[in-house]
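The next block holds one structure in the form of C-alpha coordinates; read it before the comments.
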Amino acid sequence: MSARIEKINLSGWNQITTFTKNVVSPYGIAFTINNELCVCEKKRSTLIIFGEDGGIIREITNVNFICPWYVAVKSHDELLLSDFIACCVWHLNSSGEIIEKFDKSSESDPTQFHPAKCVYSDGKIFISDQDGGKIRVLSQTGQVRTVIARLNSDEDSFCPVILLADDDGHLIIVSKNGEVFIMLVPTEDMKIKIF
(Lines give C-alpha, C1' and ligand atoms only; values in the text may rest on other atoms or scores of the structure.)
Protein backbone atom coordinates (compact mmCIF):
# COMPACT_ATOMS: atom_id res chain seq x y z
CA MET A 1 0.00 0.00 0.00
CA SER A 2 1.28 3.42 -0.80
CA ALA A 3 -0.07 6.92 -0.54
CA ARG A 4 -0.06 9.56 -3.22
CA ILE A 5 0.77 13.22 -2.72
CA GLU A 6 -0.83 16.06 -4.59
CA LYS A 7 0.76 19.48 -4.40
CA ILE A 8 -1.38 22.51 -5.07
CA ASN A 9 0.34 25.87 -5.49
CA LEU A 10 -1.97 28.62 -4.26
CA SER A 11 0.62 31.31 -4.82
CA GLY A 12 4.36 31.65 -5.09
CA TRP A 13 4.80 31.28 -1.33
CA ASN A 14 1.90 29.08 -0.28
CA GLN A 15 1.66 25.38 -1.06
CA ILE A 16 -0.68 22.65 0.15
CA THR A 17 0.45 19.05 0.23
CA THR A 18 -2.29 16.46 0.50
CA PHE A 19 -1.90 12.83 1.49
CA THR A 20 -4.61 11.00 -0.40
CA LYS A 21 -4.19 7.63 1.31
CA ASN A 22 -7.50 6.45 2.69
CA VAL A 23 -6.90 6.21 6.44
CA VAL A 24 -9.88 4.82 8.32
CA SER A 25 -10.85 6.77 11.47
CA PRO A 26 -7.67 8.86 11.85
CA TYR A 27 -7.19 10.61 15.17
CA GLY A 28 -3.86 11.83 16.58
CA ILE A 29 -0.87 12.89 14.49
CA ALA A 30 2.74 13.79 15.23
CA PHE A 31 5.96 14.32 13.33
CA THR A 32 9.08 12.38 14.25
CA ILE A 33 12.51 13.99 14.31
CA ASN A 34 13.11 12.37 10.89
CA ASN A 35 10.07 14.28 9.55
CA GLU A 36 7.95 11.13 9.32
CA LEU A 37 4.23 11.60 9.91
CA CYS A 38 2.63 9.28 12.49
CA VAL A 39 -1.16 8.87 12.30
CA CYS A 40 -3.27 6.99 14.86
CA GLU A 41 -5.97 4.92 13.23
CA LYS A 42 -8.56 4.13 15.90
CA LYS A 43 -10.75 1.69 14.00
CA ARG A 44 -7.93 -0.73 13.11
CA SER A 45 -5.98 0.05 16.31
CA THR A 46 -2.93 0.85 14.21
CA LEU A 47 -0.24 3.50 14.07
CA ILE A 48 0.69 4.38 10.48
CA ILE A 49 4.04 5.99 9.69
CA PHE A 50 4.30 8.00 6.46
CA GLY A 51 7.53 9.16 4.84
CA GLU A 52 8.06 12.61 3.36
CA ASP A 53 6.97 11.32 -0.07
CA GLY A 54 3.62 10.18 1.34
CA GLY A 55 4.36 6.49 1.15
CA ILE A 56 3.70 4.25 4.11
CA ILE A 57 6.98 3.34 5.80
CA ARG A 58 5.40 0.96 8.30
CA GLU A 59 2.23 0.13 10.17
CA ILE A 60 2.48 -0.61 13.87
CA THR A 61 -0.18 -2.98 15.17
CA ASN A 62 -0.19 -4.78 18.48
CA VAL A 63 -2.82 -7.06 20.02
CA ASN A 64 -2.62 -4.93 23.18
CA PHE A 65 -3.74 -1.74 21.40
CA ILE A 66 -7.47 -1.11 21.79
CA CYS A 67 -8.10 2.52 20.88
CA PRO A 68 -4.96 4.54 20.04
CA TRP A 69 -5.99 8.19 20.20
CA TYR A 70 -2.83 10.27 20.19
CA VAL A 71 0.85 9.82 19.52
CA ALA A 72 3.78 11.89 20.75
CA VAL A 73 7.48 11.68 19.99
CA LYS A 74 9.71 11.06 23.01
CA SER A 75 13.05 10.92 21.25
CA HIS A 76 14.66 10.06 17.93
CA ASP A 77 13.44 6.48 18.03
CA GLU A 78 10.77 6.33 20.74
CA LEU A 79 7.04 7.07 20.64
CA LEU A 80 4.29 7.51 23.21
CA LEU A 81 0.88 6.16 22.21
CA SER A 82 -2.10 7.02 24.42
CA ASP A 83 -4.76 4.33 24.38
CA PHE A 84 -8.02 5.77 25.71
CA ILE A 85 -10.05 2.57 26.08
CA ALA A 86 -7.13 0.50 27.44
CA CYS A 87 -6.55 3.37 29.94
CA CYS A 88 -2.80 3.45 29.40
CA VAL A 89 0.09 5.03 27.55
CA TRP A 90 2.32 2.71 25.54
CA HIS A 91 6.01 3.59 25.35
CA LEU A 92 7.24 2.20 22.00
CA ASN A 93 10.50 1.99 20.12
CA SER A 94 10.61 3.01 16.45
CA SER A 95 9.72 -0.53 15.36
CA GLY A 96 6.58 -0.46 17.47
CA GLU A 97 7.79 -2.85 20.16
CA ILE A 98 6.50 -2.05 23.63
CA ILE A 99 9.19 -0.74 25.98
CA GLU A 100 6.83 -0.15 28.89
CA LYS A 101 3.22 0.55 29.76
CA PHE A 102 1.96 3.35 32.00
CA ASP A 103 -1.49 2.71 33.46
CA LYS A 104 -3.54 2.91 36.64
CA SER A 105 -1.34 0.36 38.36
CA SER A 106 1.71 2.62 37.96
CA GLU A 107 0.14 5.65 39.62
CA SER A 108 -0.33 6.66 43.20
CA ASP A 109 -3.68 8.33 42.49
CA PRO A 110 -6.47 5.71 42.52
CA THR A 111 -8.94 7.58 40.29
CA GLN A 112 -9.76 6.62 36.71
CA PHE A 113 -7.11 7.11 34.07
CA HIS A 114 -8.29 7.79 30.51
CA PRO A 115 -5.33 9.38 28.76
CA ALA A 116 -5.93 11.74 25.87
CA LYS A 117 -2.83 13.60 24.69
CA CYS A 118 0.65 13.00 26.04
CA VAL A 119 3.68 15.18 25.44
CA TYR A 120 7.40 14.95 26.14
CA SER A 121 9.04 18.07 27.52
CA ASP A 122 12.09 18.88 29.59
CA GLY A 123 12.85 15.19 30.11
CA LYS A 124 9.36 14.49 31.46
CA ILE A 125 6.29 12.78 30.03
CA PHE A 126 3.04 14.67 30.68
CA ILE A 127 -0.31 12.95 30.17
CA SER A 128 -3.75 14.55 30.02
CA ASP A 129 -6.21 12.43 31.96
CA GLN A 130 -9.42 13.48 30.27
CA ASP A 131 -12.04 11.86 32.49
CA GLY A 132 -10.06 12.32 35.69
CA GLY A 133 -9.66 16.05 35.02
CA LYS A 134 -5.94 15.89 35.71
CA ILE A 135 -2.52 16.32 34.18
CA ARG A 136 -0.15 13.53 35.16
CA VAL A 137 3.62 13.42 35.01
CA LEU A 138 5.77 10.34 34.86
CA SER A 139 8.45 10.39 37.51
CA GLN A 140 11.99 9.19 36.91
CA THR A 141 11.05 5.94 38.66
CA GLY A 142 8.14 5.30 36.30
CA GLN A 143 5.42 6.30 38.75
CA VAL A 144 2.52 8.40 37.48
CA ARG A 145 1.84 11.44 39.65
CA THR A 146 -0.85 14.08 39.45
CA VAL A 147 0.54 17.60 39.09
CA ILE A 148 -2.57 19.51 37.97
CA ALA A 149 -6.13 18.68 39.00
CA ARG A 150 -9.53 20.28 39.31
CA LEU A 151 -10.59 21.23 42.84
CA ASN A 152 -13.83 19.25 42.82
CA SER A 153 -13.37 15.80 41.32
CA ASP A 154 -17.15 15.44 40.89
CA GLU A 155 -17.35 18.31 38.40
CA ASP A 156 -16.24 18.07 34.79
CA SER A 157 -15.30 21.74 34.39
CA PHE A 158 -11.63 20.93 33.75
CA CYS A 159 -11.31 18.19 31.16
CA PRO A 160 -7.84 18.35 29.56
CA VAL A 161 -7.89 16.89 26.05
CA ILE A 162 -4.88 18.47 24.37
CA LEU A 163 -1.35 19.14 25.64
CA LEU A 164 1.42 20.97 23.88
CA ALA A 165 4.90 21.93 25.05
CA ASP A 166 6.73 24.83 23.43
CA ASP A 167 10.45 25.48 23.16
CA ASP A 168 10.32 28.14 25.89
CA GLY A 169 9.43 25.71 28.68
CA HIS A 170 5.67 26.27 28.70
CA LEU A 171 2.96 23.65 28.93
CA ILE A 172 -0.23 24.54 27.03
CA ILE A 173 -3.40 22.74 28.12
CA VAL A 174 -6.69 22.84 26.22
CA SER A 175 -9.76 21.83 28.19
CA LYS A 176 -12.81 20.29 26.55
CA ASN A 177 -14.89 23.31 27.65
CA GLY A 178 -12.73 25.57 25.43
CA GLU A 179 -10.41 27.07 28.03
CA VAL A 180 -6.69 27.28 27.32
CA PHE A 181 -4.12 27.33 30.13
CA ILE A 182 -0.48 28.30 29.60
CA MET A 183 2.01 27.73 32.40
CA LEU A 184 5.64 26.89 32.99
CA VAL A 185 6.33 23.17 32.74
CA PRO A 186 5.50 21.88 36.23
CA THR A 187 7.96 19.86 38.28
CA GLU A 188 7.11 16.42 39.66
CA ASP A 189 6.54 17.71 43.18
CA MET A 190 4.35 20.64 42.14
CA LYS A 191 0.62 20.45 42.89
CA ILE A 192 -1.67 22.87 41.08
CA LYS A 193 -5.42 23.00 41.64
CA ILE A 194 -7.67 24.57 38.99
CA PHE A 195 -10.97 26.22 39.92
Side-chain angles (χ1 to χ4, degrees), residues 25-30 38-43 45-47 60 62 64-75 78-92 98-166 169-195:
S25 67
Y27 217 78
I29 62 171
C38 305
V39 179
C40 289
E41 189 179 83
K42 282 193 332 181
K43 192 168 187 177
S45 299
T46 302
L47 183 62
I60 299 172
N62 188 297
N64 295 303
F65 299 166
I66 298 175
C67 183
W69 272 34
Y70 288 107
V71 61
V73 177
K74 182 177 185 287
S75 65
E78 294 179 8
L79 302 170
L80 299 166
L81 182 67
S82 63
D83 193 324
F84 188 78
I85 302 299
C87 300
C88 68
V89 173
W90 302 103
H91 181 192
L92 311 171
I98 296 171
I99 298 172
E100 54 193 327
K101 173 186 178 183
F102 305 109
D103 62 9
K104 196 171 182 178
S105 65
S106 61
E107 66 177 306
S108 56
D109 188 335
T111 60
Q112 71 268 38
F113 181 48
H114 291 279
K117 190 83 169 87
C118 48
V119 68
Y120 185 73
S121 174
D122 192 30
K124 302 176 188 72
I125 298 170
F126 291 93
I127 304 166
S128 61
D129 180 348
Q130 181 174 321
D131 288 352
K134 298 173 182 172
I135 303 296
R136 320 278 188 157
V137 63
L138 294 177
S139 70
Q140 299 297 327
T141 61
Q143 292 295 306
V144 180
R145 296 184 179 165
T146 299
V147 289
I148 302 170
R150 59 184 176 230
L151 281 172
N152 186 346
S153 60
D154 296 330
E155 296 178 3
D156 61 356
S157 53
F158 178 62
C159 181
V161 290
I162 299 294
L163 288 180
L164 180 67
D166 68 13
H170 294 98
L171 188 66
I172 298 101
I173 305 163
V174 180
S175 180
K176 196 174 186 178
N177 65 5
E179 290 184 293
V180 178
F181 302 88
I182 300 173
M183 62 186 67
L184 290 174
V185 170
T187 60
E188 290 176 24
D189 58 351
M190 186 183 294
K191 299 282 185 183
I192 301 170
K193 295 286 186 179
I194 295 178
F195 307 121

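- Taken to the nearest 0.5 Å, the SG atom of Cys38 stands 9.5 Å off from the CG atom of Leu81.
- Taking 4.5 Å as the limit, every side-chain heavy atom of Ile98 sits out of range of all side-chain heavy atoms of His91.
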Side-chain donor-acceptor pairs of residues 66-74 under 3.5 Å, sequence neighbours excluded:
none

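- With sequence neighbours excluded, the residues forming a side chain to side chain contact (heavy atoms under 4.5 Å, CB included) with Val174 are Ile162, Val180, listed by chain and number.
- Checked by atom type and distance alone, the side chain of Ser128 never pairs as donor or acceptor with a backbone atom of Ile135 at under 3.5 Å.
- Side-chain contact between Ser25 and Glu41 is present, with heavy atoms from C-beta onward closer than 4.5 Å.
- Counting all heavy atoms, side chain and backbone alike, Pro160 lies closest to Gly133 at CD-CA, 3.8 Å.
- Looking only at side-chain heavy atoms (C-beta outward), Ile173 and Phe126 stay at 4.5 Å or farther from each other.
- Atoms CG and CG, on Asn62 and Leu92 in that order, are 8.0 Å from each other to the nearest 0.5 Å.
- To the nearest 0.5 Å, atom CD of residue Glu179 and atom SG of residue Cys159 are 11.5 Å apart.
- When the options Ile99, Ile60, Asn64 are evaluated for a side-chain contact (heavy atoms from CB on, under 4.5 Å) with Trp90, the one that passes is Asn64.
- Contact detail for Leu163 and Ile127: the closest heavy-atom pair is CD1-C, 3.8 Å.
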Exercise. Please lay out, stage by stage, how His170 and Val185 fare under the test side-chain contact (heavy atoms from CB on, under 4.5 Å).
Key: CA-CA 5 Å; His170 294 98; Val185 170; 5.8 Å; no

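- Note that SG of Cys40 and CG of Leu79 are 9.5 Å apart. Values are rounded to the nearest 0.5 Å.
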